[in-house]
Amino acid sequence: MRRPKYNVSQQIESLKTHGVTFDLYTEEGAQEFLTSRTYFFKIKAFENNFERDGGRYHGLDFAYLVDLSTIDCHLRTLLSYLCLNLEHALKVRFNQIIMEDANEDGYNIVHAVDEAGEFSFHGDYKYSCYHHSNYTEGLLNKYFDDPSIWNLWEVIDFSTLCKFYRAYLNQRQYKDNTTNLFQSVRIMRNASSHNNCLMIGIEKQINPTLYVKNCVKELNHGGKP
């Protein structure tokens with residue numbers, strides 16, 4: 001059964017039926033917040049951080065949901081910034097070890113991983129893995145008949161970049177502990193870019209392991225994280 005669409009006043013009444021109070025945050029302010037700052041489905045997700053008894057929350061004021069929503073927004077902004085910089089740092093790291101390899105010309109690794117030529121581009125988007133973009137069109141037309149890894153990492157996603165990096169490490173019989181963090185970074189990046197709620201389930205305490213601490217220290221060039 002489809003649920004009915006609520007207007008903002010009905011949304012506030014629905015929150016009240018769950019036990020949400022409006023003592024610290026007025027209903028008028030809540031209407032403005034749910035109209036111009038966020039939306040019902042988003043703010044409601046943060047209810048899950050609070051205890052519920054008999055279908056109703058106890059001691060949950062709308063102000064707490066506003067605080068979590070605001071913190072969550074700033075956290076997503078920070079993580080997006082960090083993840084984008086981590087992706088750039090991986091490309092720099094990849095570039096450094098390739099520059100030290102006299103046997104790698106930037107094409108060998110692409111040919112080894114992309115045997116079918118999936119990432120080549122011959123001027124027709126219909127029969128390629130790329131979508132048209134003014135930001136990459138010139139690059140694709142000039143270099144992607146036979147792209148090098150330096151061309152390729154300008155257009156591939158983070159997951160594919162990690163795949164090429166791991167393949168190159170295996171080819172050179174190298175080991176890099178930071179590869180163990182790739183999945184976590186990818187998940188955080190996707191969650192941040194898709195505007196997912198991050199501040200949910202915050203009652204769970206997650207303690208970083210010594211292994212993760214050492215990986216972060218390595219990323220920080222040996223300095224204290």
Side-chain angles (χ1 to χ4, degrees), residues 72 75-198 206 208-209 211-221 225:
D72 196 75
L75 180 60
R76 288 197 307 272
T77 301
L78 173 62
L79 285 175
S80 295
Y81 171 79
L82 291 175
C83 289
L84 288 172
N85 277 279
L86 283 169
E87 180 176 357
H88 178 72
L90 176 58
K91 294 175 183 178
V92 173
R93 190 183 188 91
F94 202 170
N95 184 71
Q96 287 173 341
I97 60 175
I98 288 179
M99 290 290 97
E100 296 169 358
D101 182 3
N103 297 318
E104 177 58 59
D105 59 4
Y107 294 90
N108 293 331
I109 184 60
V110 177
H111 296 162
V113 177
D114 184 30
E115 296 180 358
E118 176 186 357
F119 293 104
S120 296
F121 178 74
H122 305 292
D124 191 342
Y125 289 99
K126 184 178 180 180
Y127 300 102
S128 77
C129 62
Y130 304 106
H131 298 287
H132 178 267
S133 169
N134 291 333
Y135 300 104
T136 58
E137 183 177 22
L139 180 69
L140 292 173
N141 286 327
K142 186 172 183 179
Y143 296 108
F144 273 70
D145 184 58
D146 182 23
S148 69
I149 188 61
W150 297 289
N151 306 137
L152 201 60
W153 68 39
E154 296 300 320
V155 296
I156 56 178
D157 57 27
F158 182 73
S159 180
T160 307
L161 172 64
C162 294
K163 176 182 177 181
F164 274 94
Y165 185 65
R166 285 195 181 97
Y168 183 74
L169 293 180
N170 291 334
Q171 177 183 299
R172 292 289 304 276
Q173 296 184 324
Y174 280 176
K175 182 175 177 59
D176 186 344
N177 286 335
T178 60
T179 58
N180 294 284
L181 302 175
F182 286 172
Q183 184 177 5
S184 297
V185 173
R186 181 179 62 81
I187 291 172
M188 285 194 297
R189 175 192 170 120
N190 289 345
S192 300
S193 62
H194 291 295
N195 203 32
N196 297 147
C197 295
L198 306 179
I206 301 175
T209 64
Y211 179 76
V212 170
K213 289 181 179 179
N214 287 335
C215 287
V216 174
K217 186 175 181 180
E218 182 180 345
L219 283 170
N220 203 38
H221 305 291

Looking only at the aromatic ring of each residue, does the gap between the centers of Tyr130 and Phe144 stay below 6.0 angstrom?
yes
Identify, with sequence neighbours excluded, every residue that meets side-chain hydrogen bond (donor to acceptor under 3.5 Å, both in side chains) alongside Gln171.
none
OG-CZ distance between Ser159 and Arg186, expressed to the nearest 0.5 angstrom
5.5 Å
Ion pair Glu218/Arg93, N-O distance below 4.0 Å
yes
Between Asp176 and Thr178, a side-chain donor and acceptor under 3.5 Å
yes
Any side-chain heavy atom of Thr160 sitting closer than 4.5 Å to one from Leu152?
no
Judged by atom type as modelled, is there a donor-acceptor pair below 3.5 Å linking the side chain of Asn95 to the main-chain atoms of Lys91?
no
Between Ile98 and Trp150, is the side-chain contact (heavy atoms from CB on, under 4.5 Å) condition met? List the steps.
CA-CA 10 Å; Ile98 288 179; Trp150 297 289; 3.4 Å; yes
Aromatic ring centroids of Trp153 and Phe94 under 6.0 Å?
yes
As an exercise, state the distance from CD1 of Ile187 to OG of Ser192, rounded to the nearest 0.5 Å.
11.5 Å
Residue pair Val113, Phe119: steps toward the side-chain contact (heavy atoms from CB on, under 4.5 Å) verdict
CA-CA 10 Å; Val113 177; Phe119 293 104; 6.0 Å; no
Are Arg76 and Asn196 close enough, and set up right, to give a side-chain contact (heavy atoms from CB on, under 4.5 Å), and what steps lead you there?
CA-CA 8 Å; Arg76 288 197 307 272; Asn196 297 147; 5.8 Å; no
Around atom NE2 of His131, are there more than 12 heavy atoms from other residues, nucleotides or ligands closer than 6.0 Å?
no
Contact between Leu84 and Arg189 at the side-chain level, heavy atoms closer than 4.5 Å - yes or no?
yes
More than 12 foreign heavy atoms under 6.0 Å from CD of Glu137: is that the case here?
yes
